[in-house]
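Order of the sequence lines fixes the chain letters, A, B, ..., with proteins taken first and strands second; residue numbering starts at 1 for each chain. None of these values were measured; they are calculated from a predicted model.
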Amino acid sequence: MRALEPPRPHGLATTARALAAGTAAVLLVSGCGAPDDGGGADQVRVGLVAEPASLDFTSNDGAAIPQAMLSNVYEGLVELDAEGEIRPLLAEEYERSEDGRTYTFRLRDGVRFSDGAEFTAEDAAFSIERVKEEWTIGLADQMDVVEEATATDAHTLEVVLERPSNGWLYAMTTRIGAMFSRTGVDRLATDPVGTGPYTLDTWERGDRLVLRRNPDYWGEAPQVPTVVFRYFQDPGAMNRTMLAGGLDVIANMQEPEELGSFTADGGFRVVEGTTHGEVVLAMNNDEPPLDDVRVRRAVRHAIDREALLETAWAGHGTLIGSMVPPLDPWYEDLTGVHPYDPDRARDLVEEAGAEGETLRLRVPNLPYAVNSAQVVQSDVEKTGMDVEIESLEFPARWLEEVHGAGDYDMSIIAHVEPRDLHLFADPDYYFHYGGEKFADLVEEADRGSPQEQADKTREAARVLSEDAAADWLFLMPNLTVAREGLAGLPRDQVGEAFTAKTLHWEEEG
Amino acid sequence: MRRVRARRAVSPRRTGAASLAVGGVLAGAVVATALLSLVWTPYPPEAVDTGAALLPPGGEHLLGTDRFGRDVLSRIMAGARVTLQAGVSAVVIAAAAGVPLGVAAAMAPPWLSRLVLRANDLVLAFPALLLCIMLSAVYGGSTLTAMAAIGIATVPLFARLARAAALPVLTSEYAAAARAAGRGRVAVAVRHVLPNIADVLIVQASVAFAIAILAEAALSYLGLGTQPPTPSWGRMLQEAQGLLSSAPLLSLWPGLAVAVAVLGFNLVGDGLRDLLDAGGVREG
């Protein structure tokens with residue numbers, strides 16, 4: 001997914017018990033099978049945008065690397081299931097101590113890396129220490145909370161945290177928790193060595209990445225022998241390749257207006273699920289006039305989000321009212337906090353004396369952001385303020401000026417990181433929101449019991465929404481287009497990976 | 001092709017006149033549309049009406065509406081203004097910098113002349129559009145940067161042409177006579193050189209104008225030129241691209257407008273060249 005990867009999040013999550021997303025509709029269209037030109041039952045060809053620059057996610061940001069590598073080539077001690085709940089993977093089971101500071105993982109027997117080495121607790125401790133010492137990406141600081149990771153015997157790993165943290169275990173399901181071989185980290189950029197169900201076969205840069213089934217996989221062998229990830233610069237070209245039979249699945253549709261071309265008669269089915277990608281209308285809480293909560297509330301009242309979703313993303317997606325998506329167990333519907341009410345918006349602007357103020361809406365030059373910006377501009381200008389749009393090259397220029405230097409009044413970006421509510425707790429982060437009550441709640445949630453975590457996080461999300469720290473325009477849908485007969489696709493995007501091991505072709509009837 | 005036909009049957013003057021007439025009508029239509037849009041468009045070109053999005057052509061909206069419910073005809077009309085602004089400013093920048101540079105190079109001592117020419121080559125060696133993209137990326141996308149970038153990229157064309165055209169003028173007897181009569185270099189350049197190379201420059205200007213229109217459309221298409229919601233044909237094309245299969249006509253209108261404007265100004269340039277060159281030696 002083309003979206004922002006916040007560089008310094010401290011995952012705020014844990015023992016997930018995700019609700020099934022009630023709002024996400026599943027669109028299952030069936031029809032007769034189409035000829036698969038060049039395809040076949042022994043492979044699945046996946047269309048993606050944004051090719052990774054390297055295969056090494058320990059030193060390169062970018063969602064494309066874990067998307068292809070994680071859960072396919074690399075595996076962690078724990079993983080997320082399709083509902084977003086944490087469950088053991090390379091660990092058979094794990095235990096959390098009374099004080100919440102010590103985790104003991106009992107590792108699986110008979111797991112081997114693709115280079116033949118056996119996976120032991122030593123490798124697990126090595127992988128965790130390596131995140132702290134060698135990894136250079138911003139996300140690596142989620143491992144800072146670890147005081148010590150030790151192998152107490154060949155298959156038992158003990159991890160001691162500096163303080164109880166619900167976010168840490170959740171982070172272990174992401175790329176941060178990937179398990180590496182002590183002898184297999186020399187050429188991560190091109191020769192990944194993991195325990196996963198697939199191994200890297202070939203990587204033709206600029207075109208495709210081919211994964212082949214790992215014959216020595218410890219678990220149930222995946223049904224599809226070969227998985228091909230094909231990378232496209234242009235979503236339009238990807239759609240046309242799919243229509244022409246050159247792909248079996250588009251993992252994340254980038255042009256929702258074009259979904260109509262993928263009909264059941266053509267042999268396609270469209271699955272609509274949900275994601276963690278909140279499209280945030282960021283407001284600079286530090287700079288006038290948006291340092292005034294009345295003006296921020298006015299902006300939220302001014303925007304007709306239903307019309308915006310229709311315009312920007314063809315109506316696909318979910319309206320949300322805070323930084324928590326329905327995938328999280330503590331989700332609460334907060335869309336009513338500042339509903340669309342142009343009269344109220346005008347009154348608030350007048351009350352705050354902000355008429356005639358100019359807001360610089362500096363957005364990345366991504367289609368959803370530029371489209372949303374024009375609706376936001378039109379709506380907010382009706383309150384008596386002026387809005388100036390500037391579209392900035394993404395990623396470099398936007399990241400530097402808006403995300404880095406905070407030189408903006410308003411901006412629009414999808415925050416795709418799961419459980420990223422805590423981003424607002426850092427007053428230096430580009431929102432510059434300094435709510436102390438909110439920050440306290442976030443910290444208490446990370447330390448507390450599962451029940452406390454849920455309660456405090458829910459409360460924090462409400463405080464954030466009532467303070468109008470930002471506006472949440474919509475939640476990105478997970479739009480998957482698949483060839484008829486391909487099964488095992490997840491409906492929702494709960495983690496970072498595109499998991500291939502569950503894919504299979506249904507028998508033709 | 002055109003040259004061969006001109007020799008056999010029709011005189012260059014006749015084809016020139018025809019090109020000029022057709023080009024004049026097309027370019028004139030663009031100019032007239034831009035002027036009209038100053039005082040009247042069917043709808044305000046930037047008015048968002050999400051309830052009336054993607055209406056087909058006909059009815060209240062002659063060319064339909066875009067995804068924001070904005071009237072496409074009004075946006076095409078207002079877009080003509082941005083297009084002409086871009087063309088005019090780019091050509092003015094390019095000529096204002098390039099012509100004096102070229103004439104100066106023609107009159108300067110050889111080492112200085114060579115220096116100017118090499119600097120020129122350096123800019124010229126860069127694909128113009130790439131230069132525009134670079135400048136826009138550094139200084140931010142706006143109609144203004146796009147215009148300046150296109151202008152700067154076009155400077156070498158004017159400089160080279162001005163120098164090449166000025167050299168024969170400078171060796172002419174009347175220029176020598178003026179120098180002998182004690183006129184200064186600047187005076188000679190203004191009184192004798194400029195009027196004699198004006199015809200070549202006008203032809204170049206109309207062609208550069210067409211190139212600038214195309215470049216502005218390309219930059220805006222890439223998101224580096226005119227910023228939303230200001231209508232620009234290039235940006236309209238970009239916005240229509242995502243709707244290519246569901247609303248193909250949305251791409252047609254701005255594409256057609258760019259084609260008409262570029263063709264118009266190119267034909268004017270061709271026509272002028274044929275008319276002005278008719279008696280003299282033709283190049284290429």
- Quick one: what part of B/Leu224 sits under 4.5 Å from any heavy atom of chain A, side chain, backbone, both or neither? neither
- Query: If you draw a 6.0 Å radius around CG in B/Leu144, do more than 12 non-hydrogen atoms from other residues or ligands fall strictly inside?
  - Reply: no
Residues 26-37 of chain B side chain polar contacts: donor-acceptor under 3.5 Å, at least two apart:
from    : atom 1 : to      : atom 2 : distance (Å)
B/Thr33 : OG1    : B/Ala29 : O      : 2.5
B/Ser37 : OG     : B/Ala34 : O      : 2.7
B/Ser37 : OG     : B/Arg81 : NH1    : 2.9

- Query: How many angstroms lie between CD in B/Gln227 and CG in A/Asn365, if you round to the nearest 0.5 Å?
  - Reply: 9.0 Å
- Query: Closest heavy-atom contact between B/Arg235 and A/Val370?
  - Reply: NH1-CG1, 3.8 Å
- So which part of A/Ala373 gets closer than 4.5 Å to some heavy atom of chain B, the side chain, the backbone, both or neither? neither
- Query: For chain B, which residues from residues 377-390 of chain A lie under 4.5 Å away (heavy-atom distances)?
  - Reply: A/Gln377, A/Ser378, A/Ile389, A/Glu390
- Item | A/Glu255 and B/Ser246: CA distance, side-chain angles, deciding distance, side-chain contact (heavy atoms from CB on, under 4.5 Å) verdict | CA-CA 11 Å; A/Glu255 287 181 332; B/Ser246 44; over 6 Å; no
- Query: Are side-chain heavy atoms of B/Glu239 and A/Gln374 found at a separation under 4.5 Å?
  - Reply: yes
- Task: Anything in residues 40-56 of chain B with a heavy-atom distance to chain A below 4.5 Å? Please list those residues in order.
- Result: B/Val48, B/Thr50
- Would you mind checking which part of A/Ser261 comes under 4.5 Å of any heavy atom in chain B, side chain (CB onward), backbone (N, CA, C, O), both or neither? side chain
- Item | A/Glu306 atom CD, neighbour heavy-atom count above 12 within 6.0 Å | no
- Query: Stepwise, does the side-chain contact (heavy atoms from CB on, under 4.5 Å) test hold for B/Arg67 with A/Val375?
  - Reply: CA-CA 10 Å; B/Arg67 73 160 79 215; A/Val375 179; over 6 Å; no
- Residues from residues 298-305 of chain A approaching chain B under 4.5 Å (heavy atoms): none
- Message: Please give me the minimum heavy-atom distance between A/Asn371 and B/Phe68, naming the atom from each residue.
- Response: O-CE2, 3.1 Å
